[in-house]
Amino acid sequence: MKRSRPDFLGQVAIAGVGFTPFTRASGRTVLDLAAEACRSALADAGLPASEVDGVASFAFLGDSVPSHAVATALAAPKVSWILDMNMGGQAPCLLAMNAAMAIHSGLATSVLIYRALNGRSGMRVGSAALAGSSAQYRYPIGFNAYPLYVAMWARRYMIETGATEEDLAAVVMRQREHAAGNERALYREPLSLEAYLASSYVAEPFRIPDCAAEVDGACALLLTSLDRARSLRRTPAVIQGGAYARGRRSGLDTGDAMLWEDYSRNAMSHLADDLWSSAQLTARDIDIAEIYDCFSSSVLFALEGLGLAGRGEAGALTRSGATGPGGSLPVNTHGGLLCEGYIHGMNTLCEAVLQVQGQAGARQAPRADRCLVTSGALMDGSALVLTRDNAA
Amino acid sequence: MKANQRGSVAPRVDPDSAAWWEALAAGRLTVPACSSCGRTWFPPAPSCPHCGHPSDGTLRDTPGRGRIYSWIVVHRAYDPAFKEDVPYTIVVVDLDDGPRVVGRLFDVRHDDVKADLPVQAGRYEVSGQPLLGFGPATAR
């Protein structure tokens with residue numbers, strides 16, 4: 001059935017973002033991290049905690065704290081909307097869409113969304129045992145970690161498109177160039193092709209630099225109606241388009257792709273049409289892209305799946321420098337999860353907001369009026385188009 | 001199948017999968033088949049992912065011949081159990097007569113692994129636990 005444009009789009013804005021430092025060992029509770037990031041987002045937006053009436057987050061295998069605990073830590077009064085999603089990196093854009101719907105429907109007026117975890121000193125998703133009914137077929141044979149599942153897709157993508165390890169390297173190299181301008185990033189030093197190729201394999205075709213930098217930390221965003229956002233401190237980042245898709249036969253859990261038809265195309269290929277029609281824009285209208293990159297390959301998948309590059313051409317585009325600083329399509333201007341740190345893509349969304357608002361400091365892209373943001377790398381995922389309010 | 005592998009962790013068998021593991025222990029590779037649409041799938045699940053019809057538990061024997069769809073070579077042991085095994089190869093295989101399955105690859109040199117390479121399923125054992133592996137397919 002043909003759908004009309006979701007009515008909350010163009011009506012809700014992101015008005016503030018906040019962070020804790022990203023570290024290898026925070027020595028703090030997840031609740032403490034979450035509360036700091038939320039206070040920071042409120043201060044950025046110029047709103048007191050007493051105005052917050054909605055809180056939402058996502059957690060993976062119980063690695064975070066519930067939204068009501070964060071509302072308590074902030075001493076927020078009555079909360080009229082709440083959501084705790086049980087998801088991983090496919091969640092951030094979908095979470096923002098849910099919060100925007102709550103605001104547009106009138107259930108809440110000012111919603112904090114956050115992601116907080118001790119992702120390095122606590123449970124590390126990259127090496128965690130991901131439970132699920134299909135795990136019994138994988139763990140006993142040693143097919144037993146998230147990087148291995150994504151590597152299996154990357155290999156098939158390379159088979160289908162002719163992409164090479166140099167293409168994966170280019171993703172990492174461009175993002176290191178961006179990260180040089182980001183004081184929050186864990187990896188800010190340049191990476192040469194030689195150094196990339198000399199680094200150890202984790203699981204072929206992935207080497208250590210292809211994997212997101214696991215960190216402890218939190219980030220948060222404050223959403224409110226566009227009308228209200230216009231009275232706050234920052235230029236509103238308008239939620240102009242949004243989509244989520246889970247392709248057919250997505251399997252039994254995160255690690256189960258036995259029924260997935262094409263490992264060279266992930267959820268981004270399945271949500272592209274919905275995303276662009278919802279935003280009333282096309283891939284060509286985008287100034288910058290912040291792409292979920294738990295692993296380097298997912299940047300290539302998204303560039304092609306969303307039409308920013310032709311099939312099999314994302315590697316060449318990346319090698320050309322176009323996605324680096326000063327390029328025609330800057331991608332992952334914070335250095336991505338590979339360099340800034342793995343807050344499961346919530347920091348990817350935060351970077352998009354900073355760029356659209358013009359608040360990205362040394363790494364501000366010259367033009368960032370229309371920004372694509374993505375969440376997720378496998379069978380399901382979500383994406384947003386953010387636009388600068390009243391941009392020419 | 002001669003598989004000089006030491007590492008494993010015990011599978012957590014459930015009511016949907018028990019019969020599949022029993023068949024593998026008996027030396028048979030099977031795949032669930034739909035009593036309504038006739039299609040097969042993997043892994044075992046309570047209903048057919050193609051048509052949604054509830055499974056009646058039918059398992060169909062497969063000769064286990066197939067071709068490599070994708071593969072990885074694991075260099076880092078994500079569980080101490082596999083410390084002695086790295087590097088090892090995991091293959092996702094499209095069976096000639098059925099669904100896509102996953103197993104360990106044995107007896108194929110690293111440089112010879114490639115897409116569409118014909119492989120033959122076999123059973124290997126670690127500490128008495130039968131597991132699914134693949135080796136090179138011999139000429140028909």
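In the text below, chain A, chain B and the rest are named by the order of the sequence lines, each starting its count at 1.
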* Asked: So Ser133(A) and Asp14(B), side-chain contact (heavy atoms from CB on, under 4.5 Å) or not? Walk me through it.
  -> CA-CA 8 Å; Ser133(A) 57; Asp14(B) 62 33; 3.9 Å; yes

* To do: Please state whether the side chain, the backbone, both or neither of Pro49(B) comes within less than 4.5 Å of a heavy atom of chain A.
  => both

* Asked: Which bit of Ile141(A) comes within less than 4.5 Å of chain B, counting heavy atoms only: side chain, backbone, both or neither?
  -> both

* Say you draw a straight line from CD1 of Ile68(B) to CZ of Arg156(A); how long is it, rounded to the nearest 0.5 Å? -> 11.0 Å

* To do: Working to the nearest 0.5 Å, report the span between CE of Met258(A) and CZ of Arg100(B).
  => 7.5 Å

* **Heavy-atom pairs under 4.5 Å with chain A, option from Trp21(B), Phe82(B), Trp71(B) with the top count** => Trp71(B)

* Could you tell me the separation between the OH atom of Tyr137(A) and the CG atom of Leu24(B), rounded to the nearest 0.5 Å? => 10.5 Å

* **Euclidean distance, Phe143(A) CZ relative to Tyr88(B) OH, rounded to 0.5 Å** => 9.5 Å

* Asked: Are the side chains of Leu252(A) and Pro43(B) in touch, meaning some heavy atoms are under 4.5 Å apart?
  -> yes

* Kindly compute the distance separating OH (Tyr139(A)) from CG (Leu131(B)), expressed to the nearest 0.5 Å. => 15.0 Å

* At a heavy-atom separation under 4.5 Å, does Pro44(B) approach chain A through its side chain, its backbone, both, or neither? -> both

* With the side chain counted from C-beta on, respond yes when Tyr149(A) and Ile72(B) share a heavy-atom pair under 4.5 Å apart, and no when they do not. => no

* **Any side-chain heavy-atom pair of Tyr78(B) and Pro147(A) under 4.5 Å** => yes

* Portion of Ser17(B) that has a non-hydrogen atom of chain A nearer than 4.5 angstrom -> both

* **Most chain B-contacting option - heavy-atom pairs closer than 4.5 Å, from Met158(A), Arg248(A), Glu261(A)** => Glu261(A)

* Quick check: are there more than 12 heavy atoms from other residues, nucleotides or ligands sitting under 6.0 Å from CG of Asn86(A)? -> no

* **Interatomic distance, Ile208(A) atom CD1 to Arg76(B) atom CZ [nearest 0.5 angstrom]** => 8.5 Å

* Asked: Considering only heavy atoms, which portion of Arg155(A) lies under 4.5 Å from any heavy atom of chain B: side chain, backbone, both, or neither?
  -> both

* Does atom CG of Asp56(B) have more than 12 heavy-atom neighbours from other groups under 6.0 Å away? -> yes

* Structure fact -> Applying a strict 4.5 Å limit to non-hydrogen atoms, the region of Ile90(B) in contact with chain A is both

* Check whether Leu148(A) gets within reach of chain B through its side chain, its backbone, both or neither, counting any heavy atom under 4.5 Å. => both

* If the plane angle is over 60° it's perpendicular, under 30° parallel, otherwise tilted; pick one for Tyr263(A) and Tyr69(B). => perpendicular

